[in-house]
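Report on the structure given below.
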Amino acid sequence: MIEIDLIIEKLKKMHGEPRCELKFSNPLELTVATILSAQCTDERVNRVTESLFKKYKSLEDYINAPIEELEEDIRPTGFYRNKARTLKNVALEIKSRHFGKIPDNIEVLAKIKGIGRKSANMIVGCAYNRPAIIVDTHLRRVAKRIGLTKFDDPQKIENDLKGKIPEDKQLPLSLLLILHGRYVCKARNPNCKKCELITECDYSKKGER
DNA sequence: CTCCCGATAT
DNA sequence: ATATCAGGAG
């Protein structure tokens, strides 16, 4: 039996209130930041978006930008050719099929080419403040280590946790687990000495899988 | 499974 | 040198 509330309390003790560390001021900005965040630290995304968001303020700005120029503007985030194509694609699709508004529905978002489950959940959760299980590389690693789920596949983890966790706690728990994965329960050299969850975590006892 | 890809920590 | 980083598509 997993005590969700206890885990949330301990995570808050370590990381403070749940928060998204990607900087944004509207749903479009979060969508862009999330696309750029693939295999890239949030810190580097924020460095790029600080200037990017001054230059690109609307869907049309992405749609009309020369692809080479957009590539240069996002280059430091890596995968820049894919990401530039994705940004233009997503902007065009949202303008033409969703009345220019970023959808607030996970299933609808995830159907857009370039937006997967993780990004869809991030956008719906953080831009629209609705229930979301954001299974990124951090949540996946941490959830497995502390025994929150036994699955490896992100979609299965999402479904599993959706069933186990009350809706109002899905978003805060997701954000806290991600913070925990970033700062304490790291892929390399997890800092188990600083971890409040050590008693409910069997990773530190048995070692990884 | 592979590819996309630059930046950073170890 | 190499593993890893708020992934997703083919």
Side-chain angles (χ1 to χ4, degrees), chain A residues 11 15-24 27-53 67-68 70-94 102-103 106-129 132-145 148 151-158 161 170-192 208-209:
Chain A
L11 286 168
H15 308 292
E17 288 304 304
R19 63 190 180 279
C20 169
E21 296 200 314
L22 290 173
K23 290 185 188 159
F24 65 97
L28 173 59
E29 288 190 359
L30 179 60
T31 302
V32 172
T34 303
I35 288 166
L36 294 180
S37 72
Q39 293 293 289
C40 176
T41 61
D42 58 326
E43 194 183 330
R44 207 154 12 106
V45 172
N46 287 336
R47 223 177 296 154
V48 166
T49 55
E50 187 179 356
S51 47
L52 190 75
F53 292 160
I67 186 82
E68 300 82 4
L70 184 54
E71 285 176 359
E72 285 312 306
D73 290 336
I74 64 171
R75 180 185 279 272
T77 65
F79 298 162
Y80 59 92
R81 287 193 194 87
N82 281 349
K83 288 175 182 176
R85 258 188 285 119
T86 296
L87 286 175
K88 288 177 86 68
N89 230 3
V90 168
L92 193 55
E93 195 130 328
I94 289 172
I102 312 289
I106 293 167
E107 308 309 322
V108 173
L109 274 168
K111 273 181 192 145
I112 299 174
K113 192 164 70 173
I115 298 183
R117 302 293 307 176
K118 179 257 162 181
S119 297
N121 274 284
M122 176 67 83
I123 294 162
V124 169
C126 294
Y128 295 112
N129 200 30
I133 305 280
I134 306 163
V135 185
D136 69 349
T137 175
H138 291 313
L139 186 145
R140 174 178 164 176
R141 182 180 64 252
V142 176
K144 193 159 188 214
R145 283 180 178 172
L148 257 187
F151 296 107
D152 285 315
D153 176 56
Q155 175 79 66
K156 286 184 183 168
I157 295 176
E158 186 186 326
L161 297 188
Q170 292 178 3
L171 178 62
L173 181 62
S174 293
L175 295 175
L176 286 166
L177 288 172
I178 291 166
L179 289 170
H180 191 54
R182 196 159 137 57
Y183 296 113
V184 177
C185 195
K186 297 178 283 189
R188 287 184 292 207
N189 306 342
N191 195 348
C192 298
E208 181 84 333
R209 35 180 262 137

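Sequence lines set the chain letters: A, B, ... in the order given, protein chains first and strands last, and positions in each chain run from 1.
- More than 12 heavy atoms of other shown residues, nucleotides or ligands fall within 6.0 angstrom of atom CG in A/Asn191.
- Looking at heavy-atom distances under 4.0 Å, A/Ser119 makes contact with sugar-phosphate atoms alone, never a base.
- We find that CZ of A/Phe79 is positioned 8 Å from C1' of B/dC3, with the value rounded to whole Å.
- Each of A/Ala110 and A/Asp42 lies near DNA chain C, and the nucleotide nearest A/Asp42 is the one positioned closer to the 5' end.
- Under the side-chain contact (heavy atoms from CB on, under 4.5 Å) rule, A/Lys144 has a single partner from A/Leu139, A/Asp152, A/Ile157, which is A/Asp152.
- Straight-line distance from the NZ atom of A/Lys83 to the P atom of B/dA7: 12 Å, rounded to whole Å.
- Residue A/Leu139 contributes atom CG, which lies 14 Å from atom C1' of C/dG7 at whole-angstrom precision.
- Between C/dA1 and B/dC4, the distance separating the two P atoms is 23 Å to the nearest Å.
- If you take CD on A/Glu21 and CD1 on A/Ile178, they are separated by 10.0 Å, rounding to the nearest 0.5 Å.
- For A/Arg75, the side-chain atoms get nearest to B/dG6 when compared with the rest of C/dG7, B/dA9, B/dG6.
- Following rounding to the nearest Å, A/Ile178 (CD1) and C/dG7 (P) show an atom-to-atom distance of 9 Å.
- A/Thr34 comes within contact range of no nucleotide atom at all, as no heavy-atom separation falls under 4.0 Å.
- Comparing C/dG8, C/dC5, B/dA9 by their nearest atom to the side chain of A/Thr137 picks out C/dC5.
- Backbone-only contact: A/Arg81 has heavy atoms under 4.0 Å from sugar-phosphate atoms and none from a base.
- Whole-Å rounding puts the A/Glu21 CD to C/dC5 P distance at 15 Å.
- Here the rule is side chain to side chain donor-acceptor pair (under 3.5 Å) with A/Tyr80, and of A/Arg75, A/Glu72, A/Glu71 only A/Arg75 fits it.
- Sparse packing is recorded around NZ of A/Lys23, with 12 or fewer heavy atoms of other residues, nucleotides or ligands lying under 6.0 Å away.
- One atom, CZ of A/Arg85, and another, P of B/dC5, lie 7 Å apart when rounded to the nearest Å.
- Between A/Gln155 atom CD and C/dG7 atom P there is a gap of 17 Å when expressed in whole angstrom units.
- In terms of position on DNA chain C, the residue among A/Cys20 and A/Arg188 whose nearest nucleotide sits closer to the 5' end is A/Arg188.
- Ranked by how close their nearest DNA chain B nucleotide is to the 5' end, A/Arg47 and A/Tyr80 are led by A/Tyr80.
- Between C/dT2 and B/dC5, the distance separating the two P atoms is 22 Å to the nearest Å.
- For A/Asn82, taking side-chain heavy atoms from C-beta onward, the closest of the listed nucleotides B/dC5, C/dC5, B/dG6 is B/dC5.
- A/Ile134 comes within contact range of no nucleotide atom at all, as no heavy-atom separation falls under 4.0 Å.
- Here the CG-CD1 distance, from A/Leu177 to A/Ile134, works out to 10.0 Å after rounding to the nearest 0.5 Å.
- Here A/Leu177 lies out of heavy-atom contact (under 4.0 Å) with every strand.
- The same atom, P, is picked in C/dG8 and in B/dA7; the two are 22 Å apart, to the nearest Å.
- Between A/Lys186 atom NZ and B/dA9 atom P there is a gap of 11 Å when expressed in whole angstrom units.
- Residue-level contact check: A/Lys113 touches the backbone only, with heavy atoms under 4.0 Å from sugar-phosphate atoms and none from bases.
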